[in-house]
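Numbering of residues begins at 1 and proceeds along the displayed sequence. Counting starts at 1 for both ligands and their atoms, in listed order.
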Amino acid sequence: MLTKINHIGIAVSSLSESLAFYETHLGMALTGIEEVAEQGVRVAMLQVGQSKIELLEPTSPDSPVAKFLDKNGPGIHHLAYEVADIEDAIARLVADGLRMIDTVPRNGAHGARIAFVHPRSSGGVLTELCQAGGGY
Ligand code: CO
């Protein structure tokens, strides 16, 4: 069902400050910055070999990432596994009795379609299923 780790999501207060570390010091290639309005975040994607780091900066104080930062401070927010067929992956987990945050895929950054498993069904690790969009 899973094909690889697509990305690790990291909550940050400021994209520009965090990019100094990831881009300048670690030498990662920034492949794009975009706003995902429905999740209240600005997202920077950095390529690391076949995987990516997704930096998440909140765009409003009531966005889920802003609440995460208030509670935990900056740090690892979620782990995203790539799937070939996200509807199939969701259906399998629901059939297994797992709790999903999203039973219908939503739009992620860069044309991906994503769905989150509820942390209560994933041992406290916020887990994203990600079907990559075309061209990225
Ligand atoms: Co993500």
Side chain T31, main chain M45, donor-acceptor under 3.5 Å: yes
Any donor-acceptor pair under 3.5 Å from Q47 side chain to G49 backbone: yes
Linked hydrophobic residues, F68 as query - side chain contacts closer than 4.5 Å: none
No-hydrogen, no-angle side-chain donor-acceptor test under 3.5 Å, E54 and H78: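 A donor-acceptor contact under 3.5 Å links the two side chains.
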Within residues 79-92 or reaching into it, pairs that qualify as salt bridge (charged side-chain N to carboxylate O under 4.0 Å, His left out) - sequence neighbours excluded: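 The answer is E87-R113, D88-R92.
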Protein-derived N, O or S atoms lying under 2.8 Å from the Co ion (ligand 1), waters excluded: 4
Non-neighbouring partners of R106 that pass salt bridge (charged side-chain N to carboxylate O under 4.0 Å, His left out), sequence neighbours left out: D102
